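Each remark here refers to the structure printed beneath this line.
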Amino acid sequence: MNLSILIPLLNEEESLSELYNWIIKVMQSHNYTYEIIFLDDGSTDNSWNIIEGFAVENSNVKGVRFMKNFGKSQALHAGFAKAQGDVIITMDADLQDSPEEIPGLYDMIINGKYDLVSGWKKKRYDSVVAKNLPSKLFNWAARKTSGVELNDFNCGLKAYKNIVVKNIEVSGEMHRYIPVLAKNAGFGKIGEKVVQHQARKYGETKFGMERFINGFLDLITIWFLSRFGKRPMHLFGAMGSFMFIIGFVLAGYIGVSKLYHMYNDMRYSLVTNNPWFFIALTTMILGTQLFLAGFLGEIILRTKNNEERYKVSSEVNFL
């Protein structure tokens, strides 16, 4: 199978028919073998009924429906697990991503030998203040932190080799950082393609300004996980040991200093009257806690149970 097209969605009943017909037109004009997997993230409108209608008339259309809204990352995780195509395309359901871009993305994966190609919406039709400027700042921070040189991490239109999506773990709100996850997994050939961005035709955006705040927090998380996710003791243990040693040496100095003054009949005060004693004590306590955090992190990594992060209520056209 040439293509798996994954479409996560939430309450997009107005745009689904137009998007579906547009994708089918592109598939037929290029003679692709394909599957379209709609990932309904707990829609409360008529979206699932429309998807079931597509599946009845076209066996290449498949669907996964969540019991409630679990988030785009969880929807993509479910889609990646189901996808069978040589190339996996992800795109949004709001018609802002053009299916006409699919052949170009497919060609870059197959003939250009890229592991992953991310769309770049160079010309956008979003609000400059509410979305464009925060997005530019976010992308700049993501590039500097991750080392992945992409101009548009947030673009939902991306193409992947099948082996890539089978070897990355998308959780939380990490869908923005799939290129970073792919790089950390060992897939180094990551490209970018300028794609057409279309103004939203139906409904309203499902994302507000909070997504940029969450995005920056997720960026910190993925930075940490990429460096210490498999070895938390290397960070917390080292910091804890360093702080404990400083506190211990400082406390030892205070004690030896008092003994010296006592032995030489010099004036001295109670250790507890010395503010450095409390600094030393606090440093040792914090160092011990950091060391224990690293130790517990190692135990959790070795005993963690990979639980499902979402519940599926319905599926169509899956064997």
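When reading the values below, keep in mind they use all heavy atoms of this one structure, side chains included, and skip hydrogens, waters and symmetry mates. If you're wondering where the values come from, they're calculated on a predicted model, not measured in any experiment.
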Query - Check: Gln196 main-chain N/O paired with Glu101 side-chain donor or acceptor under 3.5 Å - result: yes
Query raised in the report: In terms of hydrophobic clusters joined by side-chain contacts under 4.5 Å, are Leu157 and Val194 together?
Result: no
Query raised in the report: Can you tell me if OH on Tyr32 sees more than 12 non-hydrogen neighbours from other groups inside 6.0 Å?
Result: yes
Query - Least distance between heavy atoms, Met243 atom then Gly287 atom - result: CB-CA, 3.9 Å
Query raised in the report: Is any side-chain heavy atom of Met239 less than 4.5 Å from a side-chain heavy atom of Phe291?
Result: no
Query raised in the report: Taking atom CD1 of Ile163 as the centre, does the number of heavy atoms from other residues, nucleotides or ligands within less than 6.0 Å exceed 12?
Result: no
Requested in this report: In plain terms, say whether Lys161 and Asp115 are close enough for a salt bridge, that is, a side-chain N and a carboxylate O under 4.0 Å apart.
Outcome: yes
Query raised in the report: Is Met1 atom CE crowded by more than 12 heavy atoms from other residues, nucleotides or ligands, each under 6.0 Å away?
Result: yes
**Report entry** Ser73 side chain vs Val170 backbone, donor-acceptor pair below 3.5 Å
**Finding:** no
Report summary line: Value for CD1 (Ile89) from CG (Asn2), rounded to nearest 0.5 Å, stands at 11.0 Å
Query raised in the report: Any Lys/Arg nitrogen of Lys193 or Asp107 sitting under 4.0 Å from an Asp/Glu carboxylate oxygen of the other?
Result: no
Requested in this report: State, with a plain yes or no, whether a side-chain heavy atom of Phe80 is found less than 4.5 Å away from one of Thr90.
Outcome: yes
Query raised in the report: Is it true that atom CZ of Phe278 has more than 12 heavy atoms of other residues, nucleotides or ligands lying nearer than 6.0 Å?
Result: yes
Report summary line: Between Leu6 and Ala83, the two heavy atoms sitting closest are CD2-CB, 4.4 Å
Query - ILVMFWY cluster, Val312 and Phe318 together (side-chain gap under 4.5 Å) - result: yes
Report task. Step by step, work out the side chain to side chain contact (heavy atoms under 4.5 Å, CB included) result for Ile23 and Ile5. Result -> CA-CA 9 Å; Ile23 293 174; Ile5 301 170; 3.6 Å; yes
Requested in this report: Taking the side chain as every heavy atom from C-beta outward, state whether Gln289 and Ile285 have any pair of such atoms under 4.5 Å apart.
Outcome: yes
Report task. Take the angle between the ring planes of Phe66 and Phe70 and call it parallel below 30°, perpendicular above 60°, tilted in between. Result -> perpendicular
Report task. Indicate yes or no: does Lys82 engage Glu315 in a salt bridge with an N to O separation below 4.0 Å. Result -> yes
Query raised in the report: How many angstroms lie between CG in Asn111 and OH in Tyr106, if you round to the nearest 0.5 Å?
Result: 8.0 Å
Requested in this report: Let me see the working for Ile50 and Tyr20 under side chain to side chain contact (heavy atoms under 4.5 Å, CB included), right down to the final yes or no.
Outcome: CA-CA 10 Å; Ile50 295 172; Tyr20 167 71; over 6 Å; no
Query - ILVMFWY network linking Met91 to Trp120, side-chain heavy atoms under 4.5 angstrom - result: no
Query raised in the report: Do Asn151 and Arg143 pass the side chain to side chain contact (heavy atoms under 4.5 Å, CB included) test, and can you show the C-alpha distance, the side-chain angles, and the key distance before you say yes or no?
Result: CA-CA 8 Å; Asn151 290 286; Arg143 283 194 299 274; 4.1 Å; yes
Query raised in the report: Just wondering, do His30 and Ile102 contact through their side chains at under 4.5 Å, heavy atoms?
Result: no
Report summary line: From the list Asp97, Asn154, Asp152, side-chain hydrogen bond (donor to acceptor under 3.5 Å, both in side chains) with Lys121 holds only for Asp97
Query raised in the report: Between Tyr160 and Phe187, does the ring centroid distance fall short of 6.0 Å?
Result: no
Query raised in the report: Sub-3.5 Å donor-acceptor pair from the side chain of Ser4 to the main-chain atoms of Gln84, do we have one?
Result: yes
Requested in this report: Kindly assign one of parallel, tilted or perpendicular to the pair Phe153 and Tyr177, based on the angle between their ring planes and the thresholds 30° and 60°.
Outcome: tilted
Requested in this report: May I ask you to check whether over 12 heavy atoms, not counting those of Lys25, lie within 6.0 Å of atom NZ?
Outcome: no
Query - Side-chain donor or acceptor of Asp94 paired with backbone N/O of Glu12 under 3.5 Å - result: no
**Report entry** Smallest separation among heavy atoms of Leu95 and Trp22, with atom names
**Finding:** CD2-CE3, 4.3 Å
Query raised in the report: When rounded to the nearest 0.5 angstrom, what is the spacing between CD1 in Ile51 and OG in Ser43?
Result: 7.0 Å
Report task. Measure the shortest side-chain to side-chain distance between Ile24 and Tyr34 over non-hydrogen atoms and say whether it is less than 4.5 angstrom. Result -> yes
Query raised in the report: In the hydrophobic clustering that connects Ile, Leu, Val, Met, Phe, Trp and Tyr at side-chain heavy-atom distances below 4.5 Å, which members other than Phe242 occupy its cluster, ordered by chain and number?
Result: Ile246
Report task. Begin from the C-alpha positions of Trp48 and Val316 and carry the test side chain to side chain contact (heavy atoms under 4.5 Å, CB included) through to its verdict. Result -> CA-CA 10 Å; Trp48 183 248; Val316 292; 3.9 Å; yes
**Report entry** Euclidean distance, Lys158 NZ relative to Leu150 CG, rounded to 0.5 Å
**Finding:** 7.5 Å
**Report entry** Set of salt bridge (charged side-chain N to carboxylate O under 4.0 Å, His left out) partners for Glu192, sequence neighbours left out
**Finding:** none
Query raised in the report: Is Trp276 close to Ile279 at the side-chain level, that is, under 4.5 Å between some pair of heavy atoms?
Result: yes
Query raised in the report: Just how far is it from atom CD of Glu35 to atom CG of Asn58, taken to the nearest 0.5 Å?
Result: 11.5 Å
Query raised in the report: If we only count heavy atoms from C-beta on, is the Leu19 to Pro99 side-chain gap below 4.5 Å?
Result: yes
Query raised in the report: Taking side chain as C-beta onward, heavy atoms only, is Asn162 less than 4.5 Å from Asp86?
Result: no
Query raised in the report: Any donor-acceptor pair under 3.5 Å linking the side chain of Ser29 with the backbone of Val26?
Result: yes
Query raised in the report: Judged by modelled atom types alone, do Asn69 and Asp41 share a side-chain donor-acceptor pair under 3.5 Å?
Result: yes
Report task. Look only at the side chain of Asn46 and the backbone of Glu13, and say whether a donor-acceptor pair between them is shorter than 3.5 Å. Result -> no
**Report entry** Taking every non-hydrogen atom, the tightest pair across Val87 and Ala159
**Finding:** CG1-CB, 4.3 Å
Query raised in the report: Between Pro179 and Ile190, which heavy-atom pair has the shortest distance, and what is it?
Result: O-CD1, 3.4 Å
Query raised in the report: For Ile109 and Tyr114, which heavy atoms make the closest approach, and how far apart are they?
Result: CD1-O, 3.5 Å
Report summary line: Rounding to 0.5 Å, atoms CD1 (Ile110) and CG (Leu105) come to a distance of 12.0 Å
